[in-house]
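Letters go in sequence order (proteins before strands), and every chain restarts at 1.
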Amino acid sequence: MSDFADVRLHVVTGKGGTGKTTVAAALALALASGGKRVLLTEVEGRQGIAQLFDCPPLPYEERKVAVAPGGGDVYALAIDPEMALLDYLHMFYKLSPTGIPARTLRRMGAIDFATTIAPGLRDVLLTGKVKEAVVRKDKSGWAYDAVVLDAPPTGRITRFLNISHEVSGLAKVGPIKNQSDSVMAVLRSPQTAVHLVTLLEEMPVQETIDGVNELTSVDLPVGGVVVNAVREPLLQPADLAAAEQGSIDSAALAAGLKEAGLDAPAALVQALAAETLEHAARVALEERGRDALAGLSRPSYELPLLAHQVDLGGLYALAASLCEQGMA
Amino acid sequence: MSTAPRPTAAPRLDVDEQLRSAKILVCCGSGGVGKTTTAAALALRAAENGRRTVVLTIDPARRLAQSMGLTELDNTPRAVVGVDTSKGGSLDAMMLDMKRTFDEIVVTHAEPSKAESILANPFYQALSSSFAGTQEYMAMEKLGQLQATGDYDLVVVDTPPTRSALDFLDAPQRLTTFLDGRMIKILLAPAKASGKAYLKVVSAGFNVFTGVLTKIIGASVLQDVSQFVAALETMFGGFRERAQATYDLLKAPGTAFVVVAAPERDALREAAYFVERLAEEQMPLAGLVVNRVHRSSVELSAERSLAAAEQLDDTALASAVLRLHADRVRLAAREQRLEERFTSAHPGVPVVEVAAQPGDVHDLAGLRAVGADLAGGFAAARPA
């Protein structure tokens, strides 16, 4: 049973460099496992999904990018504010994207203008499209069993999702207000969970804690914390504890190296010992980070550091790990 | 280093020379690569080498900010305590308050009555606090101001944590293009020609257009926008001039860009884009700083290390130590391959590496250590 069985919109955020796009993609694969349909979306124009799945840049069109284990499909969509606006106009005002008014809007640079002067409007368009996919129905029920959003980074996530606050100063009544309210209702509902991706390093951990507090303070539903790139512990607990205190049994190390068939001149023993102490210092920091994250009392998932750059095979391995840990 | 000798050697970035001669150093790169730390370390080193220096940071990590005495966002440079000033230099630091900087520009450039109405307009408030680009533009603006005071020999600026390093160069241009845009002119039309005259001025196409606009965004919003734009217009001239002046400053002799990256694929790709873009714009590139670099000085390859570990019981100390060493050598090799890819595409770009630290830097001693690496200490410490 998944920890987020009732959630249909998974928003994935994280500090830059923590692997948020990778985790979003792995989560989409995990959620699709066993015959589900999942839509993976991105909103920052980075084409990160296409790079991960090794396919050509995504158009503004839902496209199948992967098949999940046990049969299931992952579709992907790169949401572009201009296309989202035209889509919106088509849906709500029956304006054809190729008709004169829509064309005029584009020609005048109206969309650029609107999103420049009020970035809140751009976010309404982007989240509006995501929401549309979440609530879309076809004959058999929900069009997608789940939608995963590769969202802006932790530092901007609250502002990005808290759209009704962002546009409230600009539009107190009228269509923009109505649209942002309806999107907000979905974002705040139990259908949504905002997951935070982090590394066990000081700044990402701190940003994760700040992010959880910010999201909570505006009633946005926080989901789980995904700790990415976790190294497997190689030292025995006693050796690690000693090394964290700055001590290492050089005699045992030298003997071991000899036993393994290496010459163990003092210089080599010393250099290897120094590397090990550095490693232990980092592990100590990681443990502190883990403790700080535990203080959040949120479900937490750990993903291993992959030996190579993430490829499709790596994604499936990460997805399997998320399934095992109950995130999907 | 035994396992992966350095083939294509990039020229080494002479940081101390830059710190001696530059008037403005701009640190740029994608988010999460240690830009702020690099900027602070460069500034500290320059100050301790005898230059009167100010560092403008955008969004420093809390503890780093505290170590530099940056406890409040007050938009004024303050002296950093604990800097060695024996060579006659000094270090001030400040954090950018984007909204306040914008407000100051409005007050300087608009008549008092207009300024008030601009500052109160909801669209101005949205634009000044969240326009994607305002931060970049205001960082440039503040940079110009700091340089103009004449109080400093060197201004080091950290750039905002944008998605892409390129946003930083485009922001001033975007703002001016925006202010010159057709939409602005359309929205200004009703303010200029009221009533019937307006109807004559605009074509039928415009009518359809404004009709659609009103329907979509609502009449009251349109009015707010229109008022805001009209108020802004009075200061357009000044605005544009300023944006141009700041842009020119970036091309002036004495300015140099330091591109910062981590030894990772995405960060180096961004760095490459940025280097190419600087060349296109004929902006002076000092070189590339690669942060968080792992190296091993142990003369033992990953393969031999793992093979040796195989001979031992998994729980033996030596087995774990050998596996850790192998991981490190492989990581180092991977980082080096990525760096070489950059260097072979951009062979003329000087590079300097900074060693990965177990923890984050949050005091002056840590910044000094980074500064020493930046000046070539890390590269010198390991075998060529």
Side-chain angles (χ1 to χ4, degrees), chain A residues 15-18 44 46 89 93 95 100-101 104-105 108-110 112-114 116-120 153 155 159 166 169-176 201-203 206 231 234-236 239 248-249 252-253 255-257 259-262 268 271-273 275-276 278-279 281-282 285 307-309, chain B residues 30-33 59 61-62 122-123 125-127 130-133 161 163 174 178 181-184 186 205 208-209 212-213 215-218 220-221 224-225 262 264-265 267 296-300 304 308-309 311-312 315-325 327-328 330 334 358-360:
Chain A
K15 183 174 159 54
T18 56
E44 293 192 293
R46 280 188 323 164
L89 294 177
Y93 297 95
L95 284 181
I100 290 173
T104 315
L105 275 175
M108 295 289 167
D112 240 13
F113 174 83
T116 301
I117 196 164
R159 194 162 207 162
E166 292 301 314
L170 305 180
K172 294 197 172 52
V173 289
I176 295 177
E201 287 170 13
E202 242 174 298
M203 275 181 52
Q206 189 56 50
R231 267 174 284 244
L234 289 170
L235 287 168
Q236 295 298 305
D239 290 336
I248 192 161
D249 187 344
L253 176 56
L257 293 176
E259 190 192 331
L262 295 167
L268 177 68
L272 286 173
E275 283 186 359
T276 308
E278 239 179 69
H279 166 80
R282 198 169 47 235
L285 277 173
H308 302 284
Q309 294 279 3
Chain B
S30 53
V33 296
D59 188 20
R62 207 169 304 158
F123 278 88
Q125 288 167 3
L127 180 71
S130 57
F131 167 42
R163 169 182 77 74
R174 262 181 74 194
F178 164 68
R182 287 173 88 173
M183 273 302 290
I184 294 256
I186 296 163
V208 173
F209 173 66
V212 169
L213 218 53
K215 194 159 130 194
I216 297 163
I217 69 177
S220 71
V221 176
D224 271 348
V225 173
E264 288 152 17
R265 188 180 51 183
S296 173
S297 57
V298 180
E299 299 270 337
L300 182 62
R304 275 195 73 203
Q311 307 296 314
L312 299 170
T315 60
L317 172 63
S319 162
V321 168
L322 287 167
R323 284 172 207 275
L324 282 172
H325 172 67
D327 281 353
R328 184 171 171 141
R330 285 185 171 162
R334 173 162 126 190
D360 287 347

Enquirer: Measure B:Arg265 against the heavy atoms of chain A and call it side chain, backbone, both or neither at under 4.5 Å.
Expert: both
Enquirer: Where do B:Leu312 and A:Gly256 come nearest, in terms of heavy atoms and distance?
Expert: CD2-O, 3.5 Å
Enquirer: Can you see which heavy atom on B:Thr315 is nearest to which on A:Gln236, and at what distance?
Expert: O-CG, 3.2 Å
Enquirer: Answer whether the closest heavy-atom distance between the side chains of A:Glu278 and B:Arg328 falls below 4.5 Å.
Expert: yes
Enquirer: Return the minimal non-hydrogen interatomic distance between B:Ala308 and A:Ala260, and the atom names on each side.
Expert: O-CB, 3.2 Å
Enquirer: Looking at side-chain heavy atoms only, is the closest gap between A:Asp239 and B:Val321 below 4.5 Å?
Expert: no
Enquirer: For residues A:Leu235 and B:Leu324, determine if any side-chain heavy atom of one lies less than 4.5 Å from a side-chain heavy atom of the other.
Expert: yes
Enquirer: Between A:His279, A:Glu201, A:Arg282, which residue shows the highest count of heavy-atom pairs closer than 4.5 Å to chain B?
Expert: A:His279
Enquirer: Kindly write out the residues that satisfy side-chain hydrogen bond (donor to acceptor under 3.5 Å, both in side chains) with B:His325, not counting sequence neighbours, or none if the list is empty.
Expert: A:Glu275
Enquirer: Rounded to the nearest 0.5 Å, how far does OG1 of A:Thr276 lie from CG of B:Leu322?
Expert: 8.5 Å
Enquirer: Go through the atoms of A:Leu253 and report whether side chain, backbone, both or neither lie under 4.5 Å from a heavy atom of chain B.
Expert: both
